[in-house]
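As structure tokens, the structure follows; a few thoughts come after it.
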Amino acid sequence: MTTDIETQVDLDAEAKRLDRAHVFHSWSAQGALDPLVLAGGSGSTVWDHAGNRYLDFSSQMVNVNIGHQHPAVVAAIKEQAEKLATIGPAIANLARGEAAERITDRAPTGMNKVFFTNGGADAVENAIRMARLHTGRDKIISRYRSYHGNTTAAVTATGDWRRIPNEYARGHVHVFGPYLYRSEFWATTPEEECERALHHLRRVIECEGPSTVAAILLESVPGTAGIMVPPPGYLPGVRALADEFGIKLILDEVMAGFGRTGEWFAFDAFGVTPDLITFAKGVNSGYVPIGGVVISDEIAATFDERVFPGGLTYSGHPLGAASIVATLDAMESEGIVENAKLIGADVLGPGLRDLAERHPVVGEARGSGVFWALELVADPATRAPLPPATMARAKAALVGAGLLPFIADNRIHVVPPCVVTAAEVDTALGIYDTVLSQLDEEL
Ligand code: PLP
């Protein structure tokens with residue numbers, strides 16, 4: 001006879017066996033993969049079948065902003081599934097309309113329409129399409145250090161290595177953005193970095209031919225590429241350049257939006273209004289796949305008479321829509337965005353800066369809200385990135401200590417759910433501290 005715990009361990013083993021036999025994973029050489037098994041979660045904690053628990057300081061793909069298994073969101077999905085589980089994109093439906101209204105209520109004045117997609121990449125894809133059709137121009141300027149998704153235009157707009165094997169879309173131009181720690185502009189202050197990054201952008205627009213540029217596409221705060229909060233003048237400066245040359249501004253809020261930075265939209269902290277906003281992830285914490293584009297009235301009007309040549313079978317899927325309504329209502333009534341802001345300002349930010357001061361392996365701690373990066377370096381003087389093998393050991397040590405980390409290149413992204421508590425942050429800081437001490441010793 002097997003005991004309960006043996007059965008549960010068997011479930012973990014079976015999940016792993018099935019995964020390795022049949023599941024093909026994203027962005028990976030498949031051979032060496034050894035994925036963690038997860039079976040349940042609540043708030044900022046997840047666990048496997050055997051009951052091993054982990055603090056989820058990755059929020060999975062930086063998307064579970066409301067935490068795992070929020071009861072109101074789970075209930076809303078169940079309720080909608082029982083009423084009407086699916087409908088076509090051309091139908092008017094209460095959940096769909098309410099979801100769009102909840103989002104536009106939080107968007108800047110003059111942005112009143114939402115085009116729903118299946119996730120973030122196709123949101124970016126369709127925002128690019130709208131900007132091109134609206135302006136009659138072709139080129140899209142985006143940053144080298146960026147990630148915009150896995151569809152053709154979105155991945156070609158992306159700055160990181162994932163663009164290179166997938167670069168089939170035309171008309172994409174890249175620029176460097178502000179990143180003082182590894183300045184491309186020999187800058188020594190945020191003001192210099194900002195001014196020089198804007199000058200560089202202006203020169204690229206002028207050299208590309210301003211009348212050929214449809215849009216500038218930027219993550220409000222670049223996420224996967226390193227959580228580089230821009231200096232205060234950068235986004236307003238980009239907005240001014242876009243206006244000067246009749247270019248549209250697309251701000252990608254897929255990762256930074258809906259609470260992550262301690263704001264509803266990350267750009268709220270910078271006093272700018274984009275023409276198009278792309279969103280996904282935090283809008284419903286990924287309980288059901290959904291994303292979309294918030295559209296300015298001016299761009300929306302282009303398609304009042306003219307057909308918009310784009311669409312998806314699942315645009316505005318009712319389960320996704322119902323989960324958005326429940327998520328945004330719960331985030332509002334439970335003060336979840338405010339919690340992210342306060343935790344960032346009072347606990348997580350000070351704690352991570354303290355780690356950066358005490359551990360030579362941490363080159364820089366930066367971020368806001370629950371959106372932080374620890375940049376790890378092999379040599380604090382040269383800022384040489386910590387090599388991949390050492391980062392892999394750091395990841396294993398963090399998981400071994402009960403913390404699920406988000407590792408990107410030579411960085412630990414510290415990105416817990418927006419509902420994280422001060423006590424959970426303290427526990428996590430203790431785990432990071434121990435692992436960073438081990439890395440210091442290796443240096
Ligand atoms: N845009 C940004 C800023 C992202 O971080 C991501 C995903 O990480 C995407 C777009 C693509 O979203 P999805 O994976 O839902 O297609």
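Indexing begins at 1, ligand by ligand and atom by atom, following the structure's order.
If you number the atoms of ligand 1 from 1 as listed, the ones under 4.0 Å from a heavy atom of Lys281 come out as 5 (O), 6 (C), 7 (C), 8 (O). Interface of Asp252 with ligand 1, defined as ligand atoms under 4.0 Å from a residue heavy atom, comprises 1 (N), 2 (C), 3 (C), 10 (C). Listed by atom number, the atoms of ligand 1 under 4.0 Å from Ala121 heavy atoms are 11 (C), 12 (O), 13 (P), 16 (O).
At a threshold of 4.5 Å between non-hydrogen side-chain atoms, the residues Asn65 and Val283 do not count as touching.
Using a 3.5 Å distance cut-off with no hydrogens or angles, the side chains of Ser146 and Glu219 do not pair a donor with an acceptor. In this model, no donor atom of one side chain and acceptor atom of the other lie less than 3.5 Å apart for Gln69 and Ser42.
Atom 4 (C) of ligand 1 has its nearest heavy-atom neighbour, among Val254, Leu217, Thr278, Asn118, in Val254. Of the listed options Ser220, Gly120, Gly286, Gly120 places a heavy atom closest to atom 12 (O) of ligand 1.
Ligand 1 has no nitrogen or oxygen under 3.5 angstrom from a nitrogen or oxygen of Asp122. Not a single N or O atom of Ala280, backbone or side chain, sits closer than 3.5 Å to an N or O atom of ligand 1.
Salt bridge status for Asp268 with Arg106: absent, with no side-chain N to carboxylate O gap under 4.0 Å. Taking a cutoff of 4.0 Å between a charged side-chain nitrogen and a carboxylate oxygen, Asp160 and Arg143 do not qualify as a salt bridge.
At a heavy-atom cutoff of 4.0 Å, ligand 1 is contacted by the side chain of Glu219 but not by its backbone.
Protein non-hydrogen atoms do not reach within 4.0 Å of atom 14 (O) of ligand 1.
Ring-plane geometry between Phe267 and Phe265 is classed as parallel, the angle between the planes falling under 30 degrees on a 0 to 90 degree scale with a further cut at 60.
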